[in-house]
Trainee: 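Got a structure for you, questions after.
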Amino acid sequence: MPWIVGIDEAGYGPNLGPLVMTAVACRVPAALAGADLWQALAPAVRRPTDPADGRLLVADSKLVYSTARGLAGLEAGVMPLLPLRACPTLACLIGRLCPAAAAELGGEVWYTGASTLPAAIAADEWAAAAERFELTSRERQVVWGQVRSVVVCPRRFNQIVDQGGSKGAVLGHGLAELLRAGLIEEDEEPAFFFIDKHGGRNTYAALLQSAVAEGFVIAHEESRQRSVYSIAGRPRAIRLTFQPRADAEHFCVALASMISKYLREVLMREFNRFWQERVPGLKPTAGYPGDAARFFQAIRSAARQLGLAEEALWRRK
(Lines give C-alpha, C1' and ligand atoms only; values in the text may rest on other atoms or scores of the structure.)
Protein backbone atom coordinates (compact mmCIF):
# COMPACT_ATOMS: atom_id res chain seq x y z
CA MET A 1 0.00 0.00 0.00
CA PRO A 2 1.75 3.19 -1.13
CA TRP A 3 1.81 6.37 0.92
CA ILE A 4 0.35 9.67 -0.24
CA VAL A 5 1.47 12.82 1.59
CA GLY A 6 0.09 16.32 1.06
CA ILE A 7 1.82 19.47 2.34
CA ASP A 8 0.49 23.04 2.40
CA GLU A 9 0.67 26.19 4.53
CA ALA A 10 -1.44 29.02 5.87
CA GLY A 11 -0.28 32.45 6.93
CA TYR A 12 2.54 33.08 4.46
CA GLY A 13 1.27 36.52 3.46
CA PRO A 14 0.46 38.22 6.80
CA ASN A 15 2.65 40.65 8.72
CA LEU A 16 1.27 39.53 12.09
CA GLY A 17 0.86 36.14 13.71
CA PRO A 18 2.44 32.77 12.96
CA LEU A 19 2.90 30.82 9.75
CA VAL A 20 1.66 27.22 9.92
CA MET A 21 2.65 24.41 7.54
CA THR A 22 1.10 20.94 7.75
CA ALA A 23 1.62 17.46 6.28
CA VAL A 24 -1.22 14.93 5.99
CA ALA A 25 -0.35 11.30 5.16
CA CYS A 26 -2.40 8.25 4.25
CA ARG A 27 -1.85 4.77 2.89
CA VAL A 28 -4.02 3.57 0.03
CA PRO A 29 -4.43 0.37 -2.01
CA ALA A 30 -2.29 0.38 -5.15
CA ALA A 31 -5.42 0.90 -7.24
CA LEU A 32 -6.01 4.26 -5.53
CA ALA A 33 -2.42 5.53 -5.75
CA GLY A 34 -3.29 7.85 -8.64
CA ALA A 35 -7.01 8.08 -8.02
CA ASP A 36 -9.21 11.01 -7.02
CA LEU A 37 -9.76 10.56 -3.29
CA TRP A 38 -12.72 12.95 -3.39
CA GLN A 39 -14.41 10.38 -5.61
CA ALA A 40 -13.20 7.38 -3.62
CA LEU A 41 -14.48 8.90 -0.37
CA ALA A 42 -17.57 10.53 -1.94
CA PRO A 43 -20.07 9.08 0.59
CA ALA A 44 -18.34 11.17 3.28
CA VAL A 45 -16.77 14.20 1.57
CA ARG A 46 -17.63 16.74 -1.11
CA ARG A 47 -16.05 19.48 -3.18
CA PRO A 48 -17.25 23.11 -3.08
CA THR A 49 -19.19 22.56 -6.33
CA ASP A 50 -21.23 19.74 -4.75
CA PRO A 51 -24.46 20.46 -2.85
CA ALA A 52 -24.23 21.01 0.92
CA ASP A 53 -25.81 17.73 2.00
CA GLY A 54 -24.17 16.89 5.31
CA ARG A 55 -20.95 15.52 3.88
CA LEU A 56 -17.70 17.17 4.97
CA LEU A 57 -16.39 19.91 2.69
CA VAL A 58 -12.73 19.34 1.78
CA ALA A 59 -11.00 21.98 -0.36
CA ASP A 60 -8.48 24.78 -0.36
CA SER A 61 -8.98 26.47 3.01
CA LYS A 62 -9.83 29.77 1.27
CA LEU A 63 -12.93 28.08 -0.14
CA VAL A 64 -13.94 26.62 3.22
CA TYR A 65 -13.18 29.48 5.62
CA SER A 66 -13.74 33.20 5.59
CA THR A 67 -14.38 35.73 8.34
CA ALA A 68 -18.00 35.90 7.18
CA ARG A 69 -18.48 32.11 7.14
CA GLY A 70 -16.81 31.60 10.49
CA LEU A 71 -14.77 28.68 11.76
CA ALA A 72 -17.49 26.00 11.98
CA GLY A 73 -17.20 24.51 8.49
CA LEU A 74 -13.42 24.44 8.63
CA GLU A 75 -13.43 22.85 12.07
CA ALA A 76 -15.95 20.20 10.99
CA GLY A 77 -13.84 19.32 7.94
CA VAL A 78 -10.66 18.69 9.90
CA MET A 79 -12.28 17.01 12.90
CA PRO A 80 -11.87 13.41 11.62
CA LEU A 81 -8.07 13.80 11.42
CA LEU A 82 -7.50 15.85 14.57
CA PRO A 83 -7.75 14.50 18.13
CA LEU A 84 -10.27 17.19 19.13
CA ARG A 85 -12.27 14.75 21.26
CA ALA A 86 -9.14 13.78 23.19
CA CYS A 87 -7.65 17.29 23.21
CA PRO A 88 -9.91 19.78 25.00
CA THR A 89 -7.41 22.65 24.72
CA LEU A 90 -5.20 24.30 22.11
CA ALA A 91 -2.08 23.43 24.12
CA CYS A 92 -3.01 19.75 23.93
CA LEU A 93 -3.50 19.98 20.15
CA ILE A 94 -0.14 21.73 19.73
CA GLY A 95 1.45 18.93 21.73
CA ARG A 96 0.00 16.34 19.34
CA LEU A 97 0.58 18.08 15.99
CA CYS A 98 3.75 20.08 16.55
CA PRO A 99 5.38 19.37 19.91
CA ALA A 100 8.53 21.20 18.82
CA ALA A 101 6.50 24.41 18.56
CA ALA A 102 5.41 24.38 22.22
CA ALA A 103 8.56 26.13 23.46
CA GLU A 104 8.48 28.76 20.71
CA LEU A 105 4.81 29.55 21.32
CA GLY A 106 5.48 29.62 25.05
CA GLY A 107 7.77 32.59 24.39
CA GLU A 108 4.94 34.59 22.79
CA VAL A 109 3.30 36.98 25.26
CA TRP A 110 -0.14 36.39 23.76
CA TYR A 111 -0.12 32.58 23.76
CA THR A 112 -1.77 30.66 26.59
CA GLY A 113 -2.92 27.45 24.91
CA ALA A 114 -6.00 27.58 27.13
CA SER A 115 -8.51 27.98 24.28
CA THR A 116 -11.09 25.20 24.48
CA LEU A 117 -11.67 22.86 21.54
CA PRO A 118 -13.73 22.39 19.49
CA ALA A 119 -13.76 26.17 19.14
CA ALA A 120 -16.85 26.77 17.00
CA ILE A 121 -18.99 23.63 16.81
CA ALA A 122 -20.54 21.12 19.15
CA ALA A 123 -18.65 17.87 18.71
CA ASP A 124 -21.88 15.86 18.82
CA GLU A 125 -23.32 17.94 15.99
CA TRP A 126 -20.68 16.68 13.56
CA ALA A 127 -20.04 13.28 15.12
CA ALA A 128 -22.11 11.48 12.48
CA ALA A 129 -20.19 13.12 9.63
CA ALA A 130 -16.86 12.28 11.25
CA GLU A 131 -17.92 8.68 11.80
CA ARG A 132 -19.05 8.44 8.16
CA PHE A 133 -15.60 9.65 7.09
CA GLU A 134 -13.92 7.02 9.25
CA LEU A 135 -16.24 4.26 8.01
CA THR A 136 -15.81 5.21 4.34
CA SER A 137 -12.03 5.33 4.77
CA ARG A 138 -12.06 1.79 6.22
CA GLU A 139 -14.30 0.52 3.44
CA ARG A 140 -11.96 1.98 0.79
CA GLN A 141 -8.90 0.77 2.73
CA VAL A 142 -7.57 4.31 3.15
CA VAL A 143 -5.47 4.36 6.33
CA TRP A 144 -4.73 7.78 7.77
CA GLY A 145 -1.32 8.39 9.23
CA GLN A 146 -0.16 11.04 11.62
CA VAL A 147 -0.70 14.74 11.00
CA ARG A 148 2.31 16.96 11.59
CA SER A 149 2.52 20.76 11.62
CA VAL A 150 5.23 23.38 11.88
CA VAL A 151 4.57 26.76 13.51
CA VAL A 152 6.88 29.70 12.81
CA CYS A 153 6.34 32.82 14.93
CA PRO A 154 7.48 36.32 13.86
CA ARG A 155 10.83 36.41 15.65
CA ARG A 156 12.02 33.16 14.06
CA PHE A 157 10.34 34.09 10.77
CA ASN A 158 12.47 37.26 10.63
CA GLN A 159 15.63 35.36 11.56
CA ILE A 160 15.10 32.87 8.73
CA VAL A 161 14.40 35.70 6.26
CA ASP A 162 17.63 37.44 7.30
CA GLN A 163 19.67 34.23 7.00
CA GLY A 164 18.09 33.05 3.74
CA GLY A 165 17.81 36.43 2.04
CA SER A 166 14.12 36.10 1.16
CA LYS A 167 10.74 35.26 2.62
CA GLY A 168 10.69 32.07 0.56
CA ALA A 169 13.37 30.65 2.85
CA VAL A 170 10.73 30.30 5.57
CA LEU A 171 8.69 27.90 3.42
CA GLY A 172 11.81 25.88 2.66
CA HIS A 173 12.62 25.74 6.35
CA GLY A 174 9.12 24.52 7.23
CA LEU A 175 9.15 21.92 4.49
CA ALA A 176 12.51 20.58 5.66
CA GLU A 177 11.16 20.26 9.21
CA LEU A 178 8.17 18.27 7.98
CA LEU A 179 10.26 15.99 5.77
CA ARG A 180 12.41 15.15 8.80
CA ALA A 181 9.41 14.54 11.04
CA GLY A 182 8.99 10.84 10.28
CA LEU A 183 5.68 11.27 8.46
CA ILE A 184 5.64 7.74 7.08
CA GLU A 185 6.52 4.39 8.58
CA GLU A 186 9.84 2.76 7.77
CA ASP A 187 8.92 0.17 5.15
CA GLU A 188 9.53 -0.43 1.46
CA GLU A 189 6.22 0.90 0.17
CA PRO A 190 6.56 3.82 -2.28
CA ALA A 191 5.71 7.32 -1.09
CA PHE A 192 4.28 10.12 -3.22
CA PHE A 193 4.53 13.66 -1.86
CA PHE A 194 2.40 16.46 -3.31
CA ILE A 195 3.32 19.98 -2.26
CA ASP A 196 1.82 23.34 -3.12
CA LYS A 197 4.39 25.41 -4.99
CA HIS A 198 6.26 28.05 -3.01
CA GLY A 199 5.19 31.18 -4.88
CA GLY A 200 6.80 31.31 -8.32
CA ARG A 201 9.72 29.08 -7.42
CA ASN A 202 10.50 26.23 -9.85
CA THR A 203 13.67 24.66 -8.41
CA TYR A 204 13.71 22.67 -5.15
CA ALA A 205 16.55 20.15 -5.52
CA ALA A 206 18.99 21.92 -3.18
CA LEU A 207 16.30 22.49 -0.58
CA LEU A 208 15.26 18.83 -0.67
CA GLN A 209 18.85 17.57 -0.55
CA SER A 210 19.50 19.57 2.62
CA ALA A 211 16.44 17.98 4.23
CA VAL A 212 17.22 14.39 3.24
CA ALA A 213 19.59 12.55 5.56
CA GLU A 214 20.10 9.61 3.22
CA GLY A 215 19.89 9.40 -0.55
CA PHE A 216 20.41 11.66 -3.52
CA VAL A 217 17.80 14.00 -4.97
CA ILE A 218 17.20 13.67 -8.72
CA ALA A 219 15.31 16.37 -10.63
CA HIS A 220 13.00 15.03 -13.38
CA GLU A 221 11.12 18.20 -14.32
CA GLU A 222 11.34 21.84 -13.26
CA SER A 223 8.77 24.07 -14.92
CA ARG A 224 5.98 26.49 -14.12
CA GLN A 225 3.48 23.63 -14.34
CA ARG A 226 5.27 21.30 -11.93
CA SER A 227 8.61 20.38 -10.43
CA VAL A 228 9.18 16.66 -9.92
CA TYR A 229 11.92 14.90 -7.95
CA SER A 230 12.83 11.44 -6.72
CA ILE A 231 15.24 10.30 -4.05
CA ALA A 232 17.72 7.58 -5.05
CA GLY A 233 19.59 5.37 -2.63
CA ARG A 234 16.66 4.70 -0.29
CA PRO A 235 14.92 1.35 0.36
CA ARG A 236 11.61 2.78 -0.90
CA ALA A 237 10.74 4.79 -3.98
CA ILE A 238 10.05 8.42 -3.06
CA ARG A 239 8.64 10.96 -5.50
CA LEU A 240 7.93 14.61 -4.72
CA THR A 241 5.81 16.84 -6.93
CA PHE A 242 5.48 20.59 -6.47
CA GLN A 243 2.65 22.24 -8.39
CA PRO A 244 0.54 25.39 -8.21
CA ARG A 245 -2.92 24.96 -6.71
CA ALA A 246 -2.07 21.44 -5.60
CA ASP A 247 -4.94 21.65 -3.10
CA ALA A 248 -7.45 21.58 -5.99
CA GLU A 249 -6.09 18.30 -7.36
CA HIS A 250 -4.83 16.38 -4.35
CA PHE A 251 -7.08 15.51 -1.42
CA CYS A 252 -4.28 15.32 1.16
CA VAL A 253 -2.97 18.75 0.14
CA ALA A 254 -6.47 20.22 0.61
CA LEU A 255 -6.63 18.69 4.09
CA ALA A 256 -3.16 20.05 4.88
CA SER A 257 -4.33 23.51 3.77
CA MET A 258 -7.40 23.25 6.00
CA ILE A 259 -5.54 22.03 9.07
CA SER A 260 -2.89 24.74 8.67
CA LYS A 261 -5.61 27.38 8.40
CA TYR A 262 -7.54 25.98 11.34
CA LEU A 263 -4.50 25.94 13.62
CA ARG A 264 -3.52 29.47 12.58
CA GLU A 265 -7.04 30.81 13.14
CA VAL A 266 -7.27 29.33 16.63
CA LEU A 267 -3.86 30.80 17.43
CA MET A 268 -4.95 34.19 16.06
CA ARG A 269 -7.96 34.14 18.36
CA GLU A 270 -5.56 34.06 21.31
CA PHE A 271 -3.40 36.75 19.68
CA ASN A 272 -6.38 39.08 19.21
CA ARG A 273 -7.82 38.37 22.66
CA PHE A 274 -4.53 39.28 24.33
CA TRP A 275 -4.22 42.65 22.61
CA GLN A 276 -7.92 43.52 22.90
CA GLU A 277 -7.63 43.13 26.66
CA ARG A 278 -4.87 45.76 26.64
CA VAL A 279 -6.22 48.18 24.03
CA PRO A 280 -9.89 49.06 24.64
CA GLY A 281 -12.05 49.09 21.53
CA LEU A 282 -9.43 47.36 19.37
CA LYS A 283 -10.92 45.46 16.45
CA PRO A 284 -9.38 42.04 15.72
CA THR A 285 -7.12 41.43 12.74
CA ALA A 286 -6.29 38.51 10.47
CA GLY A 287 -2.77 39.96 10.22
CA TYR A 288 -2.73 40.59 6.46
CA PRO A 289 -1.13 43.68 4.86
CA GLY A 290 -3.18 46.83 5.13
CA ASP A 291 -5.17 45.94 8.19
CA ALA A 292 -2.05 44.68 9.95
CA ALA A 293 -0.60 48.20 9.89
CA ARG A 294 -3.75 49.56 11.56
CA PHE A 295 -3.57 46.92 14.27
CA PHE A 296 0.19 47.26 14.81
CA GLN A 297 -0.07 51.02 15.20
CA ALA A 298 -2.83 50.56 17.77
CA ILE A 299 -0.79 48.16 19.94
CA ARG A 300 2.57 49.95 19.70
CA SER A 301 2.28 51.66 23.06
CA ALA A 302 1.16 48.49 24.86
CA ALA A 303 3.94 46.53 23.16
CA ARG A 304 6.57 49.03 24.33
CA GLN A 305 5.26 48.77 27.90
CA LEU A 306 5.73 45.01 27.67
CA GLY A 307 9.28 45.47 26.38
CA LEU A 308 8.52 43.88 23.01
CA ALA A 309 10.76 44.74 20.07
CA GLU A 310 9.19 45.26 16.64
CA GLU A 311 10.84 42.11 15.28
CA ALA A 312 8.97 40.03 17.86
CA LEU A 313 5.64 41.11 16.35
CA TRP A 314 6.03 42.39 12.79
CA ARG A 315 7.11 39.93 10.11
CA ARG A 316 9.46 41.36 7.49
CA LYS A 317 9.06 40.57 3.80
Side-chain angles (χ1 to χ4, degrees), residues 5-14 16-26 44-48 55-99 101-102 105 108 110-123 125-127 129-130 133-134 144-153 174 178 196 246-247 250-273 284-288:
V5 184
I7 298 177
D8 204 356
E9 54 77 25
Y12 183 56
L16 298 173
L19 173 139
V20 181
M21 183 178 283
T22 299
V24 172
C26 70
V45 302
R46 66 182 180 89
R47 288 180 178 271
R55 292 178 296 166
L56 298 174
L57 174 60
V58 177
D60 173 10
S61 62
K62 297 181 184 66
L63 300 177
V64 181
Y65 171 83
S66 70
T67 304
R69 291 191 194 100
L71 198 60
L74 183 63
E75 189 166 59
V78 302
M79 180 177 286
L81 293 188
L82 299 185
L84 296 185
R85 296 172 187 171
C87 273
T89 65
L90 175 57
C92 177
L93 185 62
I94 291 292
R96 294 286 190 93
L97 300 189
C98 41
L105 284 167
E108 297 292 311
W110 51 267
Y111 175 75
T112 68
S115 297
T116 57
L117 301 176
I121 62 175
E125 180 183 355
W126 288 94
F133 180 91
E134 293 164 6
W144 295 98
Q146 59 186 337
V147 175
R148 281 288 178 264
S149 295
V150 170
V151 177
V152 182
C153 294
L178 289 174
D196 201 55
D247 46 31
H250 301 287
F251 189 80
C252 287
V253 180
L255 281 173
S257 170
M258 291 173 61
I259 292 172
S260 293
K261 184 64 172 177
Y262 175 71
L263 191 53
R264 174 175 157 82
E265 287 303 315
V266 177
L267 287 166
M268 287 301 292
R269 285 189 173 197
E270 292 208 350
F271 176 88
N272 278 299
R273 188 181 305 124
T285 185
Y288 286 85

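Quick note: numbers below take in every heavy atom, side chains included, and nothing from hydrogens, waters or symmetry partners.
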Trainee: Taking all non-hydrogen atoms of both residues into account, name the closest pair between W144 and C26 and its distance.
Mentor: CE3-CB, 3.4 Å
Trainee: Who pairs with C87 by disulfide bond (SG atoms under 2.5 Å apart), at least two apart in sequence or on another chain?
Mentor: C92
Trainee: Is a donor on one side and an acceptor on the other found under 3.5 Å between the side chain of S257 and the backbone of V253?
Mentor: no
Trainee: Are any of the side-chain heavy atoms of V5 and C252 separated by less than 4.5 Å?
Mentor: no
Trainee: If you look at every heavy atom in V151 and A101, which pair is closest and at what distance?
Mentor: CB-CB, 3.8 Å
Trainee: Please name the pair of heavy atoms, one in L57 and one in L63, separated by the smallest distance, quoted to 0.1 Å.
Mentor: CD2-O, 4.3 Å
Trainee: Just do the side chain to side chain contact (heavy atoms under 4.5 Å, CB included) check on D8 and T22 with the steps written out, would you?
Mentor: CA-CA 6 Å; D8 204 356; T22 299; over 6 Å; no
Trainee: Mind checking the CH2-CZ spacing from W110 to R269? Nearest 0.5 Å is all I need.
Mentor: 13.5 Å
Trainee: Side chain to side chain contact (heavy atoms under 4.5 Å, CB included) between E108 and L267: does it pass, once the steps are laid out?
Mentor: CA-CA 11 Å; E108 297 292 311; L267 287 166; over 6 Å; no
Trainee: Answer whether the closest heavy-atom distance between the side chains of D196 and Y12 falls below 4.5 Å.
Mentor: no
Trainee: Rounded to the nearest 0.5 Å, how far does CG of D60 lie from NZ of K261?
Mentor: 10.0 Å
Trainee: Is any side-chain heavy atom of L117 less than 4.5 Å from a side-chain heavy atom of Y262?
Mentor: yes
Trainee: With a cut-off of 3.5 Å and sequence neighbours excluded, list every side-chain donor-acceptor pair involving residues 76-83.
Mentor:
none

Trainee: F133 vs F251 aromatic rings, parallel, tilted or perpendicular, using cut-offs 30° and 60°?
Mentor: parallel
Trainee: A side-chain contact here means heavy atoms from C-beta on lying under 4.5 Å apart; do L263 and I94 qualify?
Mentor: yes
Trainee: Could you state the interatomic distance from CG (L90) to OH (Y111), rounded to the nearest 0.5 Å?
Mentor: 4.5 Å
Trainee: Do you know which two heavy atoms are closest between V20 and S149, and how far apart they sit?
Mentor: CG1-CB, 4.4 Å
Trainee: For a quick test of reading the model, state the closest non-hydrogen atom pair linking R96 to A86 and the distance between them.
Mentor: NH2-CB, 3.9 Å
Trainee: Heavy atoms, side chains only, cut-off 4.5 Å: are R264 and P14 in contact?
Mentor: yes
Trainee: Taking atom CD of E9 and atom OG of S61, what is their separation to the nearest 0.5 Å?
Mentor: 8.5 Å
Trainee: Does any part of the side chain of R273, heavy atoms only, come nearer than 4.5 Å to the side chain of P284, both counted from C-beta?
Mentor: no
Trainee: Distance from M258 atom CE to K62 atom NZ, nearest 0.5 Å?
Mentor: 13.0 Å
Trainee: So, taking the atom named CG in D247 and the one named CD1 in I7, what distance separates them when rounded to the nearest 0.5 Å?
Mentor: 13.5 Å
Trainee: Check L71 against E265 and note the closest heavy-atom contact, atom names and distance.
Mentor: CD1-CB, 3.9 Å
